[in-house]
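The structure under discussion appears below in the form of structure tokens.
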Amino acid sequence: MTQEASAPHWLPASEIAQAFAAKKLSPVELLNALLARIEALDPSLNAFIRLDADAAMAAARQAETEITAGRSRGPLHGVPVGIKDIIDVAGLPTTCHSKILVDNTAAADAVVIQKLRQAGAIIIGKLSTHEFAIGGPSFDLPFPPARNPWNRDHHPGGSSSGSGAGVAAGLFPLALGTDTGGSVRNPASACGIVGLKPTYGLVSRRGVFPLSFTLDHVGPLTRSVADNALLLDAIAGHDPADPGSAATQSRRFGHLLDRGVRDLRIGFVRHFHEHDLPAHPEVAAALEDVTRVLRAEGARIDTVTLPTLTEFAAINRVILCGEAWSIHAPWLRDRPGDYGALARRRLLPGAFITAGDYVGAQRRRAEVIAAVEDRLADYDVLLCASSMDPSSRIDDAEETARTYPRQARTPFNVTGHPALAMMSGLSHAGLPLSVQFVGRYFDDATVLRVAAAYQHASGWHDKNPPLP
């Protein structure tokens with residue numbers, strides 16, 4: 001391991017736990033190293049809305065005492081986690097990066113935060129997001145937009161923008177984001193990390209500010225696939241008080257990570273990036289290289305077809321706009337000027353969605369779900385593009401508006417299948433490229449298995465942004 005890779009801020013969570021157990025590192029030492037890095041780098045990255053350093057240090061001291069006494073709570077005990085600022089943390093504001101909720105202090109922890117605390121994880125602070133998880137990189141909000149650590153002139157993807165930027169920059173090893181149309185996988189793609197949208201209903205959303213009740217997911221962002229599985233282990237599980245929660249037993253999602261892909265059947269959805277939304281040549285070339293790597297590892301890869309991205313996007317748009325309007329209508333009527341321009345522009349069309357539109361979209365949704373299920377009856381995992389382009393400049397509103405919708409993540413919010421995005425290369429400009437893996441319902445472990453095999457064979461996860 002190189003000196004850079006072994007620095008505390010680049011250690012994966014799985015190795016942090018080992019270092020704690022071997023007394024080579026302590027939770028307090030790790031947190032002090034991360035706080036120093038945050039102080040040095042975050043003024044130019046804007047990953048944080050609120051750094052909760054004092055509470056985090058108190059938690060680190062408690063974790064250190066417990067671990068030293070042999071009372072470890074598991075692999076996340078003493079490990080810092082950043083939280084997207086639409087997820088409630090008791091006593092901290094949940095602002096959704098908006099003037100509308102700038103003084104909204106959470107009275108209780110979201111269920112995912114309760115689970116993290118039970119696992120001994122340290123909540124380090126609240127992270128930047130696109131406004132209400134639907135705006136874009138905006139400069140007319142109470143807090144500045146997060147920036148991409150690979151090149152701070154570029155956006156880090158969103159809406160879980162601070163989560164992606166902070167993990168990629170080594171400000172914290174783990175983060176939670178949310179995903180309604182790709183908002184965990186977009187920053188994972190733009191920042192060169194691993195982002196998983198779990199199976200719909202696998203992770204409780206109680207205590208998370210909603211955008212679209214039937215499309216919202218909470219998911220982990222990490223630098224390694226193994227860490228992604230560890231974080232999913234901590235947050236997954238049935239919540240009877242969340243109407244969308246699935247009554248399924250959570251399990252160890254990393255139990256297949258060392259199995260490789262030999263004899264797995266992978267369906268490559270080429271038409272997404274070759275015909276539906278023709279990808280940047282570097283993205284397309286990187287996807288071909290992914291298939292080469294996985295074939296060399298023993299996987300069988302065939303070309304398969306699904307409904308078009310245009311169909312999936314239309315369904316997502318009608319459902320999202322209709323459900324978001326049901327949440328935001330009172331504020332949009334009474335306080336429209338308190339929204340940023342991008343969020344307001346994206347929320348207002350919901351006023352014109354009719355009941356017929358909504359029902360029609362849900363009926364078509366059932367049909368495209370059946371089409372994906374039909375493909376997954378024959379294949380263990382689907383492979384496709386995530387973003388069709390590298391990240392654009394954050395100050396180029398026109399190019400950002402053009403490229404943001406050029407993605408293949410939305411289909412799997414519509415269907416609810418688990419989907420993971422990860423790094424597949426670097427562009428000539430030094431910006432991350434990405435690939436997406438999609439699996440069967442509640443078979444998130446196989447998605448992680450394929451991602452781990454690709455990560456091990458490709459080595460892209462060893463690349464870090466050019467930061468001090």
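- Using a 30° and 60° split on the angle between ring planes, Y404 and H155 fall in the perpendicular class, above 60°.
- Under a cutoff of 6.0 Å and an axis angle of 45°, R37 and W10 form a cation-pi pair.
- Using modelled atom types, one finds no donor on one side chain facing an acceptor on the other under 3.5 Å when comparing Q118 with Q114.
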Between S161 and S128, does the side chain to side chain donor-acceptor pair (under 3.5 Å) criterion hold? Intermediate values first, please.
CA-CA 6 Å; S161 51; S128 297; 5.3 Å; no
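- Across R364 and I315, no two heavy atoms sit closer than the pair CG-CD1, 3.4 Å.
- The shortest side-chain heavy-atom distance between L306 and P411 does not fall under the 4.5 Å cut-off.
- Counting only heavy atoms from C-beta outward, the side chains of T403 and M388 never approach each other to under 4.5 Å.
- Between P80 and L30, the closest heavy-atom pair is CD-CD2, 3.7 Å.
- Using modelled atom types, one finds a donor on one side chain and an acceptor on the other under 3.5 Å when comparing Q407 with T410.
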Could you check R185 against D179 for salt bridge (Lys or Arg N to Asp or Glu O under 4.0 Å), going step by step and ending with a plain yes or no?
CA-CA 8 Å; R185 291 160 291 155; D179 193 311; 2.9 Å; yes
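- The shortest side-chain heavy-atom distance between I113 and I123 falls under the 4.5 Å cut-off.
- Listed here is the closest heavy atom pair of S163 and L221: CB-CD1, 3.9 Å.
- To the nearest 0.5 Å, atom CH2 of residue W150 and atom OG of residue S391 are 12.5 Å apart.
- In summary, the side chains of T214 and E323 do present a donor paired with an acceptor at a separation below 3.5 Å, with no hydrogens or angles considered.
- Put simply, CG on D85 and CD1 on I49 are 4.0 Å apart, with the number rounded to the nearest 0.5 Å.
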Go through it in stages, so that I can follow the logic: the residues are R365 and I319, the test is side chain to side chain contact (heavy atoms under 4.5 Å, CB included), and I'd like the CA-CA distance, side-chain angles, deciding distance and then a yes or no.
CA-CA 10 Å; R365 181 185 203 175; I319 294 171; 3.9 Å; yes
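- Heavy-atom minimum distance, V438 versus A419: CG2-CB, 4.0 Å.
- Between R205 and D242 there is a salt bridge, since at least one side-chain N of the basic residue sits less than 4.0 Å from a carboxylate O of the acidic one.
- To the nearest 0.5 angstrom, N148 atom CG is 9.0 Å from L45 atom CG.
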Verdict with supporting geometry, E29 and K24, salt bridge (Lys or Arg N to Asp or Glu O under 4.0 Å)
CA-CA 10 Å; E29 290 169 342; K24 295 180 179 179; over 6 Å; no
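- Taken to the nearest 0.5 Å, the NZ atom of K115 stands 11.0 Å off from the CG atom of D233.
- Expressed to the nearest 0.5 Å, how far CE of M57 lies from CD1 of I124 amounts to 9.0 Å.
- Judged by distance alone, with hydrogens and angles left aside, the side-chain atoms of T199 form no donor-acceptor pair with the main-chain N or O of L202 at under 3.5 Å.
- One finds a salt bridge joining D109 and R117 here, because a Lys/Arg side-chain nitrogen approaches an Asp/Glu carboxylate oxygen to under 4.0 Å.
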Would you tabulate the side-chain donor-acceptor contacts of residues 375-382 under 3.5 Å, counting partners in other chains and residues two or more places apart, or write 'none'?
unit_1 : atom_1 : unit_2 : atom_2 : d
Y379   : OH     : D302   : OD2    : 2.9
D380   : OD2    : R265   : N      : 2.7
D380   : OD2    : R265   : NE     : 3.4

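- Residues W460 and P432 have side chains not in contact (no heavy-atom distance under 4.5 Å, counting atoms from C-beta outward).
- By the neighbour-count criterion of 12 heavy atoms within 6.0 Å, atom CZ of R402 is densely surrounded, having more than that number from other residues, nucleotides or ligands.
- Side-chain contact, T180 with D216: a donor N or O sits under 3.5 Å from an acceptor N or O.
- Atom CD1 in I87 sits 14.0 Å away from atom CZ in R206 (nearest 0.5 Å).
- Judged by distance alone, the side chains of D443 and T446 do bring a donor and an acceptor atom under 3.5 Å apart.
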Any chance you could lay out the side chain to side chain donor-acceptor pair (under 3.5 Å) test for D276 and T308, step after step, and finish with the verdict?
CA-CA 6 Å; D276 298 359; T308 67; 5.1 Å; no
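- Formation of a donor-acceptor pair under 3.5 Å by the S424 side chain with backbone atoms of S434 is found in this model.
- A salt bridge is absent between E64 and R61; no separation between the charged side-chain nitrogens and carboxylate oxygens falls under 4.0 Å.
- Using a 4.0 Å cut-off between charged side-chain N and carboxylate O, E66 and R73 make a salt bridge.
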Please assess S204 against D239 for the test side chain to side chain donor-acceptor pair (under 3.5 Å), listing each intermediate value before the final yes or no.
CA-CA 6 Å; S204 174; D239 174 13; 2.6 Å; yes
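- Using modelled atom types and a 3.5 Å distance limit, the side chains of R71 and T65 yield no donor-acceptor pair.
- V450 is listed as a side-chain neighbour of I266, based on a closest heavy-atom distance under 4.5 Å.
- Annotation: side chain of L174 is in contact with side chain of V79 (closest heavy-atom distance under 4.5 Å).
- Checking side-chain atoms of H255 against main-chain N and O of R252 turns up a donor-acceptor pair under 3.5 Å.
- Side-chain contact between H238 and T248 is absent, with no heavy atoms from C-beta onward closer than 4.5 Å.
- With hydrogens and angles disregarded, no donor-acceptor distance shorter than 3.5 Å links the side chain of E297 to the backbone of A457.
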Does the side chain to side chain donor-acceptor pair (under 3.5 Å) test come out yes or no for H417 and E373, once each step is laid out?
CA-CA 9 Å; H417 291 91; E373 284 284 271; 2.8 Å; yes
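- Here the side chain of N46 pairs a donor or acceptor atom with the backbone of P145 at under 3.5 angstrom.
- Across every non-hydrogen atom of I193 and P187, the tightest pair is CG1-O, 4.4 Å.
- Classification of E399 and R393 as a salt-bridged pair fails, no side-chain N sitting under 4.0 Å from a carboxylate O.
- With hydrogens and angles disregarded, a donor-acceptor distance shorter than 3.5 Å links the side chain of R449 to the backbone of G260.
- A distance-only check finds a donor-acceptor pair linking the side chain of T222 to the backbone of S224 [under 3.5 Å].
- Screening H273, R406, Q436, R409 against S387 for a side-chain hydrogen bond (donor to acceptor under 3.5 Å, both in side chains) leaves a single residue, R409.
- Between N413 and N316, the side chains place no donor N or O within less than 3.5 Å of an acceptor N or O (distance only, hydrogens not considered).
- The aromatic rings of F412 and F272 sit tilted relative to each other, their planes meeting at an angle between 30° and 60°.
- Considering all non-hydrogen atoms of both residues, A47 and D42 come closest at N-OD1, 2.7 Å.
- When K84, H97, H130 are each tested for a side-chain hydrogen bond (donor to acceptor under 3.5 Å, both in side chains) with S159, only one passes: K84.
- Residue-environment remark: NE2 (H280) exceeds the threshold of 12 foreign heavy atoms within 6.0 Å.
- In summary, the side chains of T178 and S183 do not present any donor paired with an acceptor at a separation below 3.5 Å, with no hydrogens or angles considered.
- Considering only heavy atoms from C-beta on, D88 stays 4.5 Å or farther from V208 through its side chain.
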